[in-house]
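Right, one structure below, let's go through it.
The chains referred to below are lettered A, B, ... by the order of the sequence lines, with proteins before strands, and numbering in each begins at 1.
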There are 2 protein chains.
Amino acid sequence: MEQLQHWIEILEENGCRITSPRRVIIEILLNSPRALEPTEIYDLGREMNPGIGLVTVYRTLEKLEELGLIQRIHQEDGCHMVMPAVEGHQHYLVCTACGKTTVFRGDDLGALFSRVETNTGYQVNDHWLQLFGTCPDCKNDHKNG
Amino acid sequence: MEQLQHWIEILEENGCRITSPRRVIIEILLNSPRALEPTEIYDLGREMNPGIGLVTVYRTLEKLEELGLIQRIHQEDGCHMVMPAVEGHQHYLVCTACGKTTVFRGDDLGALFSRVETNTGYQVNDHWLQLFGTCPDCKNDHKNG
DNA sequence: CTTCTAAATGAAAATGATTATCATTATCAT
DNA sequence: ATGATAATGATAATCATTTTCATTTAGAAG
Ligand SMILES: [Mn+2]
Ligand SMILES: [Mn+2]
Ligand SMILES: [Zn+2]
Ligand SMILES: [Zn+2]
């Protein structure tokens with residue numbers, strides 16, 4: 001749990017107090033193999049600390065995102081999930097069967113952006129790329145069944 | 001307005017009735033230079049036909065999406081916008097200043113997908129790419145002021 | 001042109017996610 | 001140990017979207 005200590009230090013460095021709900025929420029985020037929705041974090045959190053409130057989950061996630069410790073993952077319908085952030089530029093690869101989420105890097109979209117800028121006259125400032133697929137475990141599950 | 005006729009034909013071919021609200025909503029979609037949120041379509045629709053309801057906007061959009069005539073554009077916060085769909089595989093380029101949205105094609109992400117599949121063991125089935133930038137008009141506005 | 005029926009509509013309420021309020025609690029610097 | 005105030009949690013508010021249901025209407029049939 002050094003990762004947990006690291007997050008706590010960053011919170012302290014930023015003038016935040018270390019509270020029981022925050023510990024619980026951070027632990028949940030760090031131990032989850034997949035991205036979670038706020039209500040999922042809430043449900044898991046209540047198992048550890050029944051007094052915890054959904055509003056505190058939202059507020060803690062807001063703070064953690066502000067500090068760059070977590071990132072949002074977008075879904076078709078609109079509800080967001082969150083997961084620990086990874087340093088630097090990267091994108092998500094989400095398993096559509098079980099939700100397990102992985103990051104990848106090394107996308108080189110520079111050539112595409114240049115082409116698009118030339119063709120459209122727009123200046124491209126940002127991009128948003130997310131991949132969907134089947135993780136190794138779910139591929140096997142499907143084979144066996 | 002041949003585009004409008006085309007959409008109406010497709011609705012008819014699929015057993016849908018052609019109603020006044022539907023005409024209004026389709027006209028708004030086809031005449032907008034940018035993607036619209038459901039409430040924006042609702043407000044514009046009321047100017048033409050004050051009796052129209054927001055629920056009908058949602059239902060009509062659902063139907064149009066089902067028929068592949070419109071597509072959703074995702075936003076950071078979660079609320080969706082819609083705009084007429086373009087044939088074939090393409091992605092959106094959204095102006096962050098005025099909202100004007102354009103499509104582009106010719107992304108060749110095959111090499112990236114292969115690399116990701118090798119590195120992660122996932123099978124990549126789908127992808128989601130959206131670019132953000134500044135449109136030509138807004139670039140000029142910024143220069144002048 | 002009427003008649004008929006299922007599709008479509010709109011008002012109102014329900015739902016689900018997120019945010020705001022505010023009195024109470026608890027962290028942590030002193 | 002004490003106090004200032006950050007954080008919490010119960011509650012209510014807000015916002016987008018969906019459901020319900022009684023009423024209207026498009027368009028097929030006669
Ligand atoms: Mn990238
Ligand atoms: Mn593509
Ligand atoms: Zn999986
Ligand atoms: Zn613009």
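Of the possible polar contacts, one joining the A:K139 side chain to the B:G121 backbone as a donor-acceptor pair under 3.5 Å is found. In this structure a side-chain-to-backbone donor-acceptor pair under 3.5 Å is missing from A:T102 to A:K100. No donor-acceptor pair under 3.5 Å is formed between the side chain of B:T96 and the backbone N or O of B:V94. Of the possible polar contacts, one joining the B:H91 side chain to the B:L129 backbone as a donor-acceptor pair under 3.5 Å is found.
In this entry the distance linking CG of A:L11 with P of D:dA6 reads 15 Å, nearest Å. In this structure, B:E13 atom CD and C:dA7 atom P are separated by 18 Å, rounded to whole Å. Rounded to an integer number of Å, the gap from B:N49 CG to C:dT9 C1' is 11 Å. Note: CG (A:L61) to C1' (D:dA7) measures 15 Å, nearest angstrom. Regarding B:I8, its CD1 atom lies at a distance of 14 Å from the C1' atom of D:dG27, rounded to whole Å. The CZ atom of B:R59 sits 11 Å away from the P atom of C:dA11 (whole-angstrom rounding). The NZ-C1' distance, from A:K63 to D:dA6, rounds to 10 Å in whole Å. Across the protein-nucleic acid pair, A:I52 atom CD1 and D:dA10 atom P stand 11 Å apart, rounded to whole Å.
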Legend entry - Verdict with reasoning, A:H127 to A:L109, per side-chain contact (heavy atoms from CB on, under 4.5 Å): CA-CA 9 Å; A:H127 67 280; A:L109 303 180; 3.9 Å; yes
Legend entry - Audit row: A:D43, A:E40, side-chain contact (heavy atoms from CB on, under 4.5 Å) steps and yes/no: CA-CA 5 Å; A:D43 291 337; A:E40 291 178 306; 5.7 Å; no
Inset, instruction - For the pair A:E62 and A:Y58, evaluate side-chain contact (heavy atoms from CB on, under 4.5 Å) and give the outcome as yes or no after the intermediate values. - result: CA-CA 6 Å; A:E62 188 182 19; A:Y58 275 101; over 6 Å; no
Inset, instruction - Could you give me the CA-CA distance, side-chain angles and deciding distance for A:W128 and B:H74, then say whether side-chain hydrogen bond (donor to acceptor under 3.5 Å, both in side chains) is met? - result: CA-CA 10 Å; A:W128 211 27; B:H74 302 267; over 6 Å; no
Inset, instruction - Show your reasoning for whether side-chain contact (heavy atoms from CB on, under 4.5 Å) applies to B:L29 and B:L64. - result: CA-CA 11 Å; B:L29 285 167; B:L64 293 174; 3.7 Å; yes
Can you name the atoms? Protein N/O to nucleotides 15-19 of chain C N/O, anything below 3.5 Å, with the distance.
from, atom 1, to, atom 2, distance (Å)
C:dT18, OP2, A:Y58, OH, 2.3
C:dT18, O5', A:Y58, OH, 3.2

Report, one pair per line, the protein and nucleotides 26-30 of chain C atoms (nitrogen or oxygen only) whose separation is under 3.5 Å.
from, atom 1, to, atom 2, distance (Å)
C:dT27, O2, A:R17, NE, 3.3
C:dT27, O2, A:R17, NH1, 2.7
C:dT27, O2, A:R17, NH2, 3.2
C:dC28, OP1, A:I18, N, 2.6

Could you go through nucleotides 22-24 of chain D and list every protein N or O atom that sits under 3.5 Å from one of its N or O atoms, giving the distance for each pair?
none

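B:V82 has its side chain out of reach of B:P38: every pair of non-hydrogen atoms, C-beta onward, lies at least 4.5 Å apart. Considering only heavy atoms from C-beta on, B:E12 comes within 4.5 Å of B:I8 through its side chain.
For D:dA7, one of the phosphate oxygens OP1 or OP2 lies less than 4.0 angstrom from a side-chain nitrogen or oxygen of A:R22.
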Would you tabulate the side-chain donor-acceptor contacts of residues 13-24 of chain A under 3.5 Å, counting partners in other chains and residues two or more places apart, or write 'none'?
from, atom 1, to, atom 2, distance (Å)
A:T19, OG1, A:R22, N, 3.4
A:S20, OG, A:N49, ND2, 2.9
A:R22, NH1, A:R17, O, 2.9

N/O donor-acceptor pairs under 3.5 Å from side chains in residues 110-118 of chain A, not counting sequence neighbours:
from, atom 1, to, atom 2, distance (Å)
A:S114, OG, A:G110, O, 3.1
A:R115, NH1, B:G106, O, 2.7
A:E117, OE2, A:V124, N, 2.8
A:T118, OG1, A:S114, O, 3.0

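Helix bend of the helix from C:dC1-D:dG30 to C:dT30-D:dA1: the angle between its two end axes, each built from five pairs, comes to 30° after rounding to 10°.
Ion pairing of B:E66 with B:K63 is present here, as a side-chain N (NZ or NE/NH1/NH2) and a carboxylate O approach within less than 4.0 Å.
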